[in-house]
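We're numbering straight along the sequence, starting at 1.
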Amino acid sequence: MLTTKPSARQTPAAGDGARPGRAPELLVLLSSTGAAVAAVAQPFVLGRTLDLLLRGGDAGRWVMLSAGLLVGEMLLDSLTSLFAGRCNAGWTAAIRTRAFAGLLGAVPDRARGHTPGDVGTRLTLNAADAGSAPAARAALTASLVTPVGALAALAVVDVWVAACVLAGLPALALVLRTFARDTGASVAAYQHTQSQIASRLLEALEGTATIAAAGTGARERERILAPLVELATLGRRMWALHGRALGRSGVLVPLLILAATAVGGLRLASGAMSVGDLLAACRYAQLTAGVGGAASLLGAVVRGREARGRTLALEGMPELTYGTRGLPPDGPGHLELRGVRVVRDGREVLHADGVLIPGGTTAAVVGRSGAGKSLLAAVAGRLLDPDEGHVLLDGVRLDRLTREALRTDVAFAFERPALGEGTVAEAVATGPRPVSRRQVRQAALAAGADGFVRRLPCGYDTPLPVAPLSGGEHQRLGLARAFAHAGRLLIMDDATSSLDTATEHEVDRALRRSLRPGTRLIVAHRPSVAGRADLVIWLEGGKVRAVASHRDLWNLPDYRAVFGVGGIKASVPGERPAQLPEPEEPRP
């Protein structure tokens, strides 16, 4: 028996469970802090060793201690790199998982606001930057141990040299603060422009045949690369900010060290300091002024913060909430739209009130392009909730059903089904309930797909990525999956647009005879589909203009115009075609 996987929001890897925890970040912090402590201890030990050597004393223990500190710092730096790599990988994977789960669990109508290129950029480049932020934040925290510890040790060695260094630190702090403030805005704009380029590139890749046929390759190239000018400007600005921070600190740090060395020299001349103390004081002055070197880590933290906001915006997308009720057993699939309104940008795009579809019937949704057909289908199957009103299935509001009850009894078939990368059989079996091999083939037969599937290299076990499928065959596999999981309501949103008339008729006959009984809501563009339906829901400008049979509506010129038929009344399926009037004889 073929089984299906739970949805992204239900997997244990999604949501908060995907967080790697603070352990990797803590290991980076501890190893970085250990390396910083070793670096702070070294000048004092070296100074004491030098004094002992100059006085002819036994400096063996201090030499060994100095060597141990040096080796320890090297080992701790290596561990920091190792822990940082693991921390970056864990957090990047967690952020991507959460963002991806949020995207898959979001209301489809809301998710369409993000283009594929924008989503790809957020899940790749932005997620990687965001994943590196925790380790960079830990390293930045540890990097502050060095100047603070060095300043404290310098105060022990000589308070006057420490005071000299302390006087110059506010200028370095101001450099870092300015860098962090200005870099944040530049990074956000840079990441947004990257997303624009990726979106335009993917749009062009999807339309390569059209671009080649129209000969508009040069124009498309210019359109795709147009944001590069802005990207280059933003990139130069970011590097300029980074260089300016390093340049300013590069001027301030030597001046600060020079001043500390001068004060230390005066103290040495007065006999207040030894040569070893002077060596330690100069080294501590360098370590304290090294706060300016935190600019690189600070830049990584700023980039990660901006990238994290962009990536996790996908996680925070609105999702459907579910209730606790189930459907009554053996219900016929009676569907009702009661006071349904959908509003977008202050404009009503769908209004359906008192629309009743008896259980077991087939209803066709027709209307001009943009009339709201797909929107009504999405609301009827609760891919999104209306802003007002309710949809009821067998007397139960859809928003009060559990996820399992809703997705088990409401199936969808789309114009462009997403079949995944498994085998053909697995693609058909994917759904809320287990499906046997026999049921897979029955569904494929009903969708007119069994013939071409059996001709594939491995039949139903052929991997989809290597299966040479046409657009119509791809669509028929999507229909087969919907048929395999059809419950009491099956919604077909333009799911037969790529089928020829004969295949479409066979699919309609299979719907009526071969599959389990239930209600069917079909978005129709052909009069033949509407003609075979039990009733038609006619949409115009987002409003339900009429609910009646196709035969009755066909008498209305406006209804015939929906299908591109105007003027003389055309024939209805089952009737003899209307006779055209004889042409008049030309007048002399």
[Y] and [X], any side-chain heavy atoms less than 4.5 Å apart:
| X | Y | result |
| --- | --- | --- |
| Ser195 | Asn126 | no |
| Ile537 | Lys373 | no |
| Pro417 | His474 | yes |
| Leu469 | Leu464 | yes |
| Lys543 | Glu348 | yes |
| Phe452 | Leu477 | yes |
| Asp409 | Leu401 | no |
| Tyr460 | Val428 | no |

Test item: [X] side-chain N/O and [Y] main-chain N/O as donor-acceptor pair under 3.5 Å:
| X | Y | answer |
| --- | --- | --- |
| Ser132 | Asp129 | yes |
| Thr408 | Ala405 | no |
| Thr423 | Pro463 | no |
| Arg520 | Gly518 | yes |
| Arg560 | Trp554 | yes |
| His485 | Ala429 | yes |

Identify whether the distance between the nearest side-chain nitrogen and carboxylate oxygen of [X] and [Y] falls below 4.0 Å.
| X | Y | result |
| --- | --- | --- |
| Asp345 | Arg347 | no |
| Asp461 | Arg437 | yes |
| Arg441 | Asp450 | yes |
| Arg341 | Asp387 | no |

_Ignoring hydrogens, what is the shortest heavy-atom contact between Ala447 and Leu479? Give both atom names and the distance._
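Taking every non-hydrogen atom into account, CB-CB, 3.9 Å.
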
*Of the non-hydrogen atoms in Met317 and Ala106, which two are nearest, and what is the gap between them?*
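Scanning both residues completely, I find the closest heavy atoms to be CB-CB, 3.8 Å.
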
_Face-on cation placement of Arg407 at Tyr322 ring, 6.0 Å and 45° thresholds_ =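 Here Arg407 fails the 6.0 Å and 45° test against Tyr322.
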
*With sequence neighbours left out, write down each residue that passes side chain to side chain donor-acceptor pair (under 3.5 Å) with Ser199, or none if nothing qualifies.*
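Here the qualifying residues are Thr115.
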
Only one of [options] clears side chain to side chain contact (heavy atoms under 4.5 Å, CB included) with [X]; which?
| X | options | value |
| --- | --- | --- |
| Leu539 | Val366, Val562, Leu376 | Leu376 |
| Leu335 | Leu489, Leu356, Asp394 | Leu489 |
| Val424 | Val453, Leu419, Val440 | Val453 |

*What is the distance from atom CG of Leu350 to atom CZ of Arg344, rounded to the nearest 0.5 Å?*
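One gets 9.5 Å once the value is rounded to the nearest 0.5 Å.
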
*Give the intermediate values and the outcome of side-chain contact (heavy atoms from CB on, under 4.5 Å) for residues Val410 and Arg382.*
CA-CA 9 Å; Val410 179; Arg382 206 185 173 226; over 6 Å; no

*Does atom CZ of Arg200 have more than 12 heavy-atom neighbours, drawn from other residues, nucleotides or ligands, at distances under 6.0 Å?*
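Atom CZ in Arg200 is packed in, count exceeds 12.
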
*asked:* Can you confirm whether Arg545 is buried at CZ, in the sense that more than 12 heavy atoms of other residues, nucleotides or ligands lie under 6.0 Å from that atom?
replied: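 Yes, because the 6.0 Å sphere around CZ of Arg545 holds more than 12 heavy atoms from other groups.
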
_Reference residue His390; test side chain to side chain donor-acceptor pair (under 3.5 Å); the match among Arg338, Arg400, Arg397_ =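 By the side chain to side chain donor-acceptor pair (under 3.5 Å) criterion, His390 pairs with just one of Arg338, Arg400, Arg397: Arg397.
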
*If we ignore angles and hydrogens, is there a donor and acceptor under 3.5 Å between the side chains of Ser374 and Asp493?*
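Yes, because at least one side-chain N or O of Ser374 sits under 3.5 Å from a partner of the opposite role on Asp493.
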
*asked:* For Leu314 and Leu123: C-alpha separation, side-chain torsions, deciding distance, then whether side-chain contact (heavy atoms from CB on, under 4.5 Å) applies.
replied: CA-CA 9 Å; Leu314 299 179; Leu123 292 177; 4.1 Å; yes

*Going by the side chain to side chain donor-acceptor pair (under 3.5 Å) test, which pairs reach into residues 212-222, not counting sequence neighbours?*
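Those involving residues 212-222 are Glu220-Arg223.
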
